[in-house]
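One structure is given below, encoded as structure tokens.
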Amino acid sequence: MANHYLDWNATAPLASAARAAWLAAYDQSWANPGSVHAPGQRARHSVDQAKASCARLLGCKSHELVVTSGGTEANALAIHSATFGQSLAADAVLMSAIEHSSVQRNGETVSAVRLPVDVCGRLAADTVRAAASPTTRLLCVQFANNEIGVCQDVPALVAAVRAVAPQARVLLDCAQGAGKAPLNLAALDVDFASIAGHKFGAPKGIGLLYVKNGIRIAPLLFGGKQQQDRRSGTEDVAGLTALQAALESALAHGEEESIRQRMLLESAFARIALVLPKVQWLAHAAQRLPNTLSIAHPGVINGALVMRLDLAGVSVSTGSACMAARGEPSHVIAALGIDLSLAKSVIRVSIGPDTVAEDLDAFVNAYISEVKAMTAGN
Ligand SMILES: Cc1ncc(COP(=O)(O)O)c(C=O)c1O
């Protein structure tokens, strides 16, 4: 049976450009980029080139990028750096209630305050202004949410926190934004931004942390002082080279691809709604990623539905892949304040540049027939 992979927010398949770049880097730039000999310098050159190109694509400077193992490490490094060695007031760290667990759990170590969002997952600038004070040191927000795709109004949130706490840092978790939407980090005026390569076709285990020029990093790892002692450990030359290639190829798809993805999901949802009028698209009214459909239907249990769809050859998820095993609504869905029976039915469909209309046709048919079967007699 054909498989229809509709879980791109969990991870994207390796992009062909990334694969080619990864293999070429392993052939030609396999040496340690810290070595002074010629092969080492070749590897160093590859690192420098990849970083410079990523910086151009992300709207920042090359020296503002720290290579990490992915989004989780980037978020941890930013939160640690913004809070390390400081006496922290109760409102020192603020974050939206729908942050990824890598932000939430690192935030817990510094007693972060979770700020409520509206029914679409939007954090209001007024909420930030009301929660912040001159002792606020860090605000953590997402470019886009991994489960419902909602995009935050980043300039408004940055302005809101700085109006009250001019010295506050802002961490923008771009794990779901990079490669899916154009980003200009300097223009967004954030202090930190996290990038997860595997979300846009790079191999797993490679990412970036943007650190605005002049901001000091408090390292999490101590060792060979690579990357100006901001992140010790030999850089993953091939991984970084592949990340650069994946980012370039993802962004080359441009606005046309975003429109194509948006139309595929809109059409799929409309066809489902014709047959199942109680179906809902969470966060539909908000500014969203074009590739994400968070869909709910009362009377259905999402874990069971995901399994039934899987048996029909359609791979979707209940939300964050890291939390997929749990039966309760995720903290993201819970934060929306929707009815519990609807919350328990939410599944996430997320697509990418390889997704074709037939994949969505398979989803629409399977969703309709499984939801009908699960709600028969209700
Ligand atoms: C919004 C968000 N932040 C951070 C991460 C963590 O990234 P990684 O898997 O590279 O550690 C993810 C991954 O699901 C994510 O969706």
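Heavy atoms only: backbone and side chains are in, while hydrogens, waters and symmetry mates are out. In each ligand, atom 1 is the first atom listed, and ligand 1 is the first ligand listed.
Ligand 1 has no nitrogen or oxygen under 3.5 angstrom from a nitrogen or oxygen of E73. Residue A175 places no N or O, backbone or side chain, under 3.5 Å from any N or O of ligand 1.
Numbered from 1 in the order shown, with element, the atoms of ligand 1 that lie under 4.0 Å from a heavy atom of A196 read 7 (O), 10 (O). Every atom of ligand 1 with a heavy atom of N146 under 4.0 Å away is listed here by number and element: 1 (C), 16 (O). Near S102, meaning under 4.0 Å from one of its heavy atoms, ligand 1 places the atoms 4 (C). Heavy-atom contacts of G70 reach the following atoms of ligand 1: 10 (O) (cutoff under 4.0 Å).
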Would you be so kind as to tabulate the donor-acceptor pairs closer than 3.5 Å made by side chains of residues 57-66, with sequence neighbours excluded?
| unit_1 | atom_1 | unit_2 | atom_2 | d |
| --- | --- | --- | --- | --- |
| H63 | NE2 | N213 | OD1 | 3.1 |
| E64 | OE1 | K61 | N | 2.7 |
| E64 | OE2 | N213 | N | 2.8 |

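Considering each of H100, H198, Q176, the one bringing a non-hydrogen atom nearest atom 5 (C) of ligand 1 is H100.
Between D126 and R129, at least one side-chain nitrogen of the basic residue sits less than 4.0 Å from a carboxylate oxygen of the acidic one, meeting the salt-bridge criterion. Contact check on R44 versus E235 returns a salt bridge, with a Lys/Arg side-chain nitrogen under 4.0 Å from an Asp/Glu carboxylate oxygen. Looking at D91 and R137, no side-chain N of the basic residue comes within less than 4.0 Å of a carboxylate O on the acidic one, giving no salt bridge.
Residue contacts with ligand 1 do not include E99, since none of its heavy atoms lies under 4.0 Å from the ligand.
W281 has its side chain out of reach of I295: every pair of non-hydrogen atoms, C-beta onward, lies at least 4.5 Å apart.
Only the side chain of D173 comes within 4.0 Å of ligand 1, judged by heavy-atom distances. Contacts between N145 and ligand 1 below 4.0 angstrom, taking non-hydrogen atoms only, are absent altogether.
With sequence neighbours left out, T292 forms a side-chain hydrogen bond (donor to acceptor under 3.5 Å, both in side chains) with N9.
Remark: side-chain polar atoms of T355 are paired, donor with acceptor, to backbone N or O of G352 under 3.5 angstrom.
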